[in-house]
Chemist: 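One structure coming up, written as structure tokens, with questions to follow.
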Amino acid sequence: MALAFTNSLTRTKEPFVSIRPGEVGLYTCGPTVYNIAHIGNFRAYVFEDLLKRTLQYCGYRVRHVMNLTDVDDKTIRDSRAAGLSLDDFTQRFKEAFFADSKVLRIAPADVYPAATAHIPEMITLIQALIDKGIAYRADDGSVYFSIARWPNYGQLVHIEAEQMRPGTRVSHDEYAKESVADFALWKSWSEDDGDVAWDSPWGRGRPGWHIECSAMSARYLGPHFDIHCGGVDNMFPHHEDEIAQSEAANGCRFVNVWMHCAHLVVDGVKMSKSLGNFYTLRDVLQRGWSGREVRYVLLATHYRQSLNFSFRACEDARAALQRLDAFRERLQDAARLPDSDTAPAAAAAQAAEAGFRAALEDDLNISAALATLFDLVREGNRLLDAGTVAGAAAKAILGTLERLDSVLAVMAPDEDAGVPADIQALADARQAARKAKDFARADQLRDQLAAAGWVIEDTPKGPRVRRR
RNA sequence: GGCGCGGUAGCCAAGUGGUAAGGCGAAGGUCUGCAAAACCUUUAUUCACCGGUUCGAAUCCGGUCCGCGCCUCCA
């Protein structure tokens, strides 16, 4: 089975063939840095991370570009409200984004181009569209892309311009357009923009939203590249417009494969501040969930399926991960023993690896991939119980787990915050009581620990205290 | 009006023609001073509903019901 992805352009699953053998150019729409990204945003980034790691697992070298939208209506509006320069304002949210990405173990992109650092590229692109007669400068000084002059428009969302119903969000200041469906490439300066403006052949102003991705993807990946991702909500108009701009300006196909992930919902409904179900990663961490637990929740649902986030799902993830942890600990202990027969362990490990790879190659079927992982856990535990996994056999399974984790990135536990001194003192007192066979006293201390939110486990190496 | 997505066990979730993966939970067992943790076993005659095609359908076709998303700057 070879790699295959569902292409939003054709809406079918297609074999994946890279433009250059062994290499993939990947562009993923990044954050608009006007606030802290929420877990719905990170659902998309985790999906893209899974895609990238899968490509790498399958042997591709991936060149990954993720843009940072640091100039748009919202960044301008909110930076002015905060009394900060645009750069100072967006810088904080860029840093927050990188920090949160790291917590979620998202592998960094190769390049994070910022829109404000690529204005000349955008101007060049817009000029090319004007020169070709596809874009026009309106009376208000803005430049628009004319959909009437680009018959290929609509290939991604499969719509006809006539069928578009003017939405309620059409802004009043865009009356200068020839057609409601036309979209801005360059927006002339208005008072609301304050000091945010660049010079251009059409006067002072700032770029439209879509143009940055066309300009920056071409700069870092070329005019024609392999895969472009984002959330479904970006299909229209953002990606549709990108295609129009890029193909009209460059005269070649823009992207071979478009991949879009479905929305994250919370308890079955869209996340929104007014419903009180709006969470940033930080909100979730504050409730005691770790980065990898959240990553697992975001990862474990297939990307084209809407993901229902809930704290119940976090609990399930924690339990599943603890089971993986326990399995790896058992294997690490067994690896120090003299070698056993390696055949059964090797067979289980190979079966898991083959199944895992086949599942991910099939349009990132993460559920099937995780199923093969847990099949290996069960089979491995059985073999450990039977004493047929020791030494090299245990190391073989650990090696497989490590390779699977190069894609999943969920196996290494998060940093433990440690045990407070007073809690440890209670645990020590309980152990002393147990030694003295004063079990009533020991149980009473255990209850005290439980009331404080800690559980105690008596292992062969002594008692271990753990938060619950 | 247009374009889409989805309804599979208590919960989450694969499977798109060959007779229901996996995770969580629950129940039983092993271990333990008792627990906890861990491990093992069990846990859907059935895939929203009604017809149809087929030797055979959760999977294909027609219809019905229900939930959700997008239609100009929300991942």
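Below, read A as the first sequence line, B as the second, and so on, with proteins coming before strands; counting in each chain starts at 1. All values reported here derive from a predicted model rather than from experimental measurement.
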Chemist: Expressed as a whole number of Å, how far does the P atom of G18(B) sit from that of G23(B)?
Modeler: 23 Å

Chemist: May I ask you to check whether His38(A) and Phe278(A) place their ring centres under 6.0 Å from each other?
Modeler: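 Judged by ring-centre distance (under 6.0 Å), Phe278(A) and His38(A) do meet the cut-off.
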
Chemist: Regarding Leu264(A), tell me which of base, sugar-phosphate or nothing describes its non-hydrogen contacts under 4.0 Å with the strands shown.
Modeler: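 Base contact.
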
Chemist: Write down the distance separating the P atoms in A13(B) and C24(B), rounded off to the nearest Å.
Modeler: 15 Å

Chemist: Look at all strands and tell whether Gly40(A) reaches a base, only sugar-phosphate, or nothing, counting heavy atoms closer than 4.0 Å.
Modeler: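 Base, at least one base heavy atom under 4.0 Å.
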
Chemist: How close do Met216(A) and Ala114(A) get, counting heavy atoms only, and between which atoms?
Modeler: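 Shortest heavy-atom contact: SD-O, 3.7 Å.
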
Chemist: Quick check: on RNA chain B, is the nucleotide nearest Ile456(A) upstream (toward 5') of the one nearest Ala320(A), or the reverse? Name the residue that is more 5'.
Modeler: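 Per heavy-atom nearest nucleotide, the more 5' residue is Ala320(A).
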
Chemist: Just jot down the salt bridge (charged side-chain N to carboxylate O under 4.0 Å, His left out) partners of Asp193(A), sequence neighbours excluded, or say none.
Modeler: Arg206(A)

Chemist: Expressed in whole Å, how much space separates the P atoms belonging to A35(B) and A21(B)?
Modeler: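 So the two P atoms sit 34 Å from each other.
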
Chemist: If the threshold is 4.0 Å, N to carboxylate O, is there a salt bridge linking Lys94(A) and Asp70(A)?
Modeler: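 So Lys94(A) pairs with Asp70(A) through a salt bridge.
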
Chemist: Does Asp375(A) reach a base, just sugar-phosphate, or nothing at all? Heavy atoms under 4.0 Å.
Modeler: sugar-phosphate

Chemist: Would you say Arg446(A) places a side-chain N or O within less than 4.0 Å of OP1 or OP2 belonging to A35(B)?
Modeler: no

Chemist: What interatomic distance, in whole Å, is found between P of U8(B) and the corresponding atom of C3(B)?
Modeler: 26 Å

Chemist: Would you call the rings of His260(A) and Trp258(A) parallel, tilted or perpendicular if under 30° counts as parallel and over 60° as perpendicular?
Modeler: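 Parallel, since the angle between the ring planes stays under 30°.
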
Chemist: Please check if the distance between the ring centroids of Tyr34(A) and Phe89(A) is under 6.0 Å.
Modeler: no

Chemist: Would a line drawn from the ring center of Tyr279(A) to the ring center of Phe311(A) be shorter than 6.0 Å?
Modeler: yes

Chemist: When the C1' atoms of U53(B) and U45(B) are compared, how many Å lie between them, rounded to an integer?
Modeler: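 Approximately 23 Å lies between the C1' atom of U45(B) and that of U53(B).
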
Chemist: Between the protein and nucleotides 37-41 of chain B, which nitrogen or oxygen pairs come in under 3.5 angstrom?
Modeler:
residue, atom, partner, partner atom, Å
C39(B), O2', Asp385(A), OD1, 3.3
C39(B), O2', Asp385(A), OD2, 2.2
C40(B), OP1, Arg378(A), O, 3.2
U41(B), OP1, Arg382(A), NE, 3.0
U41(B), OP1, Arg382(A), NH2, 2.6

Chemist: With rounding to the closest Å, how many angstrom separate the C1' atoms on G7(B) and A14(B)?
Modeler: 15 Å

Chemist: Looking only at non-hydrogen atoms, find the nearest pair between His239(A) and His228(A) and report the distance.
Modeler: NE2-NE2, 3.6 Å

Chemist: Stacking here means centres under 5.5 Å and planes under 30°; does Phe439(A) stack on G33(B)?
Modeler: yes

Chemist: With the sugar-phosphate defined as primed atoms, P, OP1 and OP2, and the base as all remaining atoms, what B/S/- string results for nucleotides 6-20 of chain B, 5' to 3', for protein heavy atoms under 4.0 Å?
Modeler: S---B--SSS-----

Chemist: Determine the Euclidean distance between corresponding C1' atoms of A48(B) and A57(B); express it in Å to zero decimal places.
Modeler: 16 Å

Chemist: Reckon Lys437(A) touches a base, only the sugar-phosphate, or nothing at all at heavy-atom distances under 4.0 Å?
Modeler: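 Here Lys437(A) touches no strand at all.
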
Chemist: On a whole-Å scale, what distance lies between the C1' atoms belonging to G17(B) and G52(B)?
Modeler: 15 Å

Chemist: With ring centroids as reference points, do Phe225(A) and Phe254(A) lie under 6.0 angstrom apart?
Modeler: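 Yes, the ring centres sit under 6.0 Å apart.
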
